[in-house]
Amino acid sequence: MVAKANYDSQIVELFPAEVTRWEQEMVDVYRQAFKPPPYEKGEDVVLNFRSTLQKHADREGFRCVAARAAGGSGLSGFGYGYISQPGQWWHNEVVRQLDADTVEEWFVDAFEIVELAVRPEMQGRGIGGRLHDRLLHPVVQRTAVLSTLDAETRGLHLYRKRGWKVIAAGFHFRGVRDPYLIMGLRLRKR
Ligand SMILES: CC(C)(COP(=O)(O)OP(=O)(O)OC[C@H]1O[C@@H](n2cnc3c(N)ncnc32)[C@H](O)[C@@H]1OP(=O)(O)O)[C@@H](O)C(=O)NCCC(=O)NCCS
């Protein structure tokens with residue numbers, strides 16, 4: 001039997017202008033992917049995702065990849081990120097809680113994965129892994145960084161398998177109840 005993972009979705013790059021065109025689909029993928037436990041993200045978080053997406057698309061080094069469902073008009077999943085820089089909320093929040101050596105090691109020349117999401121009914125077919133790999137493939141920064149819920153999720157499994165290291169555990173963002181992991185992946189030597 002032919003492995004389904006290779007044939008049921010096509011991974012494409014979405015340039016910033018195309019993000020506007022695919023916004024509705026991306027928002028819906030986000031809504032569905034983060035609805036089940038342990039996330040249970042409500043509509044307020046979904047709306048926040050929508051309102052920041054276009055702003056993020058204008059950031060330096062923005063890169064977005066999406067999985068186009070074969071034979072359909074929608075998206076099965078997407079991932080995006082950009083260069084992590086001082087002045088950005090996430091970057092500032094993380095860096096202010098870490099020591100100088102850790103910041104130097106992971107955050108001075110870093111690509112941040114902001115979101116990675118696959119529709120629940122399409123998960124477990126290799127799409128998330130392919131999105132992750134395509135997203136990072138041409139990235140020239142020294143490291144990649146991200147935060148993910150500090151829980152045994154499919155996402156954490158994916159990141160571990162691909163060599164991501166935990167930079168900080170039990171991490172708390174201001175105003176957010178659940179603890180997160182801050183993770184990093186070395187893309188090239190200094
Ligand atoms: C994380 C996510 C993007 C992964 O997408 P996906 O298409 O399911 O990913 P894959 O099919 O490539 O599977 C990823 C890994 O999880 C493993 N996996 C499959 N089912 C699993 C399960 N129930 N529990 C844990 N791991 C599981 C797969 O075996 C695979 O590992 P492998 O490469 O060793 O085989 C997707 O599950 C998702 O959108 N989750 C909700 C949102 C989220 O957590 N985003 C990322 C964190 S910020």
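One-based numbering, in listed order, for ligands and for the atoms of each.
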Quick check: are there more than 12 heavy atoms from other residues, nucleotides or ligands sitting under 6.0 Å from CD of Q24?
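Result for CD/Q24: open.
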Answer yes or no: does atom CZ of R96 have more than 12 heavy-atom neighbours from other residues, nucleotides or ligands under 6.0 Å?
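Atom CZ in R96 is crowded, with more than 12 foreign heavy atoms closer than 6.0 Å.
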Interfacing atoms of ligand 1 (cut-off 4.0 Å, heavy-atom, [X]):
X	answer
Y39	41 (C), 43 (C), 44 (O), 47 (C)
A117	39 (O)
L158	4 (C), 9 (O), 14 (C)
T148	47 (C), 48 (S)

Would [X] and [Y] count as having a side-chain donor-acceptor pair, cut-off 3.5 Å?
X	Y	answer
Q85	E60	yes
R174	Q97	no
H172	Y180	no
W90	S147	yes

Show, in sequence, the C-alpha distance, side-chain angles and deciding distance for D133 and R130, and conclude whether the salt bridge (charged side-chain N to carboxylate O under 4.0 Å, His left out) test is met.
CA-CA 5 Å; D133 298 347; R130 289 164 64 211; over 6 Å; no
Distance-only N or O hit between ligand 1 and [X], under 3.5 Å:
X	value
G129	yes
G124	yes
H157	yes

Would you call W22 and V12 a side-chain contact if the rule is heavy atoms closer than 4.5 Å?
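No - every pair of side-chain heavy atoms lies 4.5 Å or more apart.
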Distance below 4.0 Å between atom 2 (C) of ligand 1 and any protein heavy atom?
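No, there is no protein heavy atom closer to it than 4.0 Å.
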Tell me the nearest of [options] to [atom], using heavy-atom distances.
atom	options	result
atom 10 (P) of ligand 1	A151, G126, G155	G126
atom 41 (C) of ligand 1	G128, A33, S147, S9	A33
atom 40 (N) of ligand 1	Q123, E115, R119	Q123
atom 19 (C) of ligand 1	K161, H132, R154	R154

Between R125 and ligand 1, which residue portion shows a heavy-atom distance shorter than 4.0 Å: side chain, backbone, both, or neither?
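Contact part for R125 vs ligand 1: backbone (N, CA, C, O).
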Considering only heavy atoms, does Y159 approach ligand 1 within less than 4.0 Å through its side chain, its backbone, both, or neither?
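The answer is the side chain.
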What protein heavy atom sits nearest atom 39 (O) of ligand 1, and how far away is it?
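Checked against all protein heavy atoms, atom 39 (O) of ligand 1 sits closest to V118 N, 2.8 Å.
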Hey, does L116 sit under 4.0 Å from ligand 1 if you only count heavy atoms?
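Yes, that is the case, since the closest heavy atom of the residue is under 4.0 Å from the ligand.
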Measure across F62 and L14 and return the closest heavy-atom pair with its distance rounded to 0.1 Å.
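The pair with the smallest heavy-atom distance is CE2-O, 4.2 Å.
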Show the nearest heavy-atom pair for residues A66 and L131, with the distance to one decimal.
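Reported closest heavy-atom pair: C-CD2, 3.7 Å.
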